[in-house]
Amino acid sequence: MSPRRASSLEELDNCPCAGVSLDRLIQPAILTILARGELHGYKIVQRIAEIEGHKPDPTGVYRALRTMEGRDLVVSGWGPSDSGPAKKSYQITMDGMICLARWVETLEKHSRVIHRLIARARWVTGLDERLSPSPEGPRR
């Protein structure tokens, strides 16, 4: 493999095609988690990791929480901790629940578009065994 090709493949690890840009889904993930009850920030990070299968950037989660608090989607307060100093806990607001309901509608709509795109991409790349790609091959 040429050095240029190897470099190109390594860059794909940080490409949006690898899923690294799905941070925009952090807001609905946080709202979904908080809809089940109040949690402190670190627990939110842990729950997102359980949902997504990888630990999110905690700084990004806390940044999203601050932004969401500024938009009155969540509220926070300091509470006692069983071990160590007080922890800041977050709770979803009624506006947050309304926002989450809109996220559900938006994500369902995008999901349909994404499924159509996946089907088309599988077809043109030959990844779908049920269909054969066009005789001209993939368009570049």
Side-chain angles (χ1 to χ4, degrees):
M1 183 179 312
S2 73
R4 182 175 177 190
R5 175 91 172 133
S7 173
S8 176
L9 291 175
E10 289 170 8
E11 289 174 11
L12 283 177
D13 289 342
N14 295 318
C15 174
C17 69
V20 296
S21 66
L22 296 179
D23 291 340
R24 291 188 182 103
L25 296 179
I26 198 73
Q27 181 178 322
I30 291 171
L31 292 173
T32 299
I33 290 164
L34 291 177
R36 306 235 19 228
E38 182 177 340
L39 287 173
H40 61 83
Y42 185 71
K43 270 291 195 203
I44 294 170
V45 171
Q46 288 179 320
R47 297 274 170 85
I48 292 171
E50 291 169 8
I51 292 170
E52 295 184 358
H54 70 280
K55 185 178 175 188
D57 172 27
T59 304
V61 172
Y62 286 106
R63 188 179 319 113
L65 284 164
R66 277 193 308 278
T67 299
M68 293 164 63
E69 192 170 16
R71 294 181 54 217
D72 295 322
L73 302 177
V74 301
V75 292
S76 67
W78 292 93
S81 171
D82 294 337
S83 60
K87 293 182 179 179
K88 190 173 188 178
S89 291
Y90 297 87
Q91 188 174 11
I92 193 169
T93 64
M94 185 54 69
D95 284 350
M97 290 297 286
I98 292 167
C99 182
L100 179 56
R102 292 205 54 199
W103 265 112
V104 169
E105 293 171 5
T106 299
L107 291 171
E108 285 175 340
K109 181 174 71 174
H110 285 297
S111 176
R112 289 188 294 273
V113 172
I114 289 168
H115 280 88
R116 287 194 302 270
L117 177 60
I118 290 169
R120 181 71 174 179
R122 289 185 69 77
W123 179 74
V124 299
T125 59
L127 293 173
D128 192 333
E129 295 94 30
R130 296 170 295 164
L131 302 170
S132 59
S134 139
E136 300 90 41
R139 295 179 187 220
R140 297 188 192 265

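Computed from a predicted structure; not experimentally measured.
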Task: Partners passing side chain to side chain contact (heavy atoms under 4.5 Å, CB included) against Leu117 (at least two apart in sequence or in another chain) - done: none
Open item on the list: I'd like to check Glu105 versus Lys109 (side-chain heavy atoms, cut-off strictly below 4.5 Å). Are they in contact?
Closed with: no
Task: Side-chain hydrophobic cluster, 4.5 Å single linkage: members besides Ile114 - done: Ile118
- [ ] Please confirm whether the backbone N or O of Leu127 pairs with a side-chain atom of Arg122, one donor and one acceptor, at under 3.5 Å?
- [x] yes
What pairs of donor and acceptor atoms, side-chain ones from residues 85-102 against any protein atom, are under 3.5 angstrom apart with sequence neighbours left out?
| residue | atom | partner | partner atom | Å |
| --- | --- | --- | --- | --- |
| Thr93 | OG1 | Asp72 | O | 2.6 |
| Thr93 | OG1 | Leu73 | O | 3.0 |
| Thr93 | OG1 | Asp95 | N | 3.4 |
| Thr93 | OG1 | Gly96 | N | 3.0 |

Open item on the list: Show the nearest heavy-atom pair for residues Ala49 and Pro56, with the distance to one decimal.
Closed with: N-CD, 4.0 Å
- [ ] Check the hydrophobic clustering (I, L, V, M, F, W, Y; side-chain heavy atoms under 4.5 Å; chains of links allowed) and say if Leu31 and Ile51 are grouped together.
- [x] yes
- [ ] Please round to the nearest 0.5 Å and tell me the distance separating atom CD of Glu38 and atom OG of Ser76.
- [x] 9.5 Å
Task: Thr32 OG1 to Ile44 CD1 distance, which is reported to the nearest 0.5 Å - done: 11.5 Å
Task: Approximate separation, where rounding is to 0.5 Å, of Arg112 CZ and Leu107 CG - done: 11.0 Å
Task: Shared hydrophobic cluster for Leu39 and Val75 (ILVMFWY, side-chain gaps under 4.5 Å) - done: no
TODO: Measure the NZ-CD1 distance between Lys55 and Ile48 for me, rounded to the nearest 0.5 Å.
DONE: 11.5 Å
Identify every side-chain donor-acceptor pair in residues 57-65 under 3.5 Å, counting partners at least two apart or on other chains, and give the distances.
| residue | atom | partner | partner atom | Å |
| --- | --- | --- | --- | --- |
| Asp57 | OD1 | Thr59 | N | 3.3 |
| Asp57 | OD2 | Gly60 | N | 3.4 |
| Tyr62 | OH | Tyr42 | N | 3.1 |

Open item on the list: For residues Val104 and Ile30: do they belong to one hydrophobic cluster (side chain heavy atoms under 4.5 Å, members Ile, Leu, Val, Met, Phe, Trp, Tyr)?
Closed with: no
Task: Any residue meeting side chain to side chain contact (heavy atoms under 4.5 Å, CB included) with Ala121, in chain and number order, not counting sequence neighbours - done: none
TODO: Name all residues meeting the side chain to side chain contact (heavy atoms under 4.5 Å, CB included) criterion together with Arg36; count only those two or more places apart in sequence or in a different chain, and write none if there are none.
DONE: none
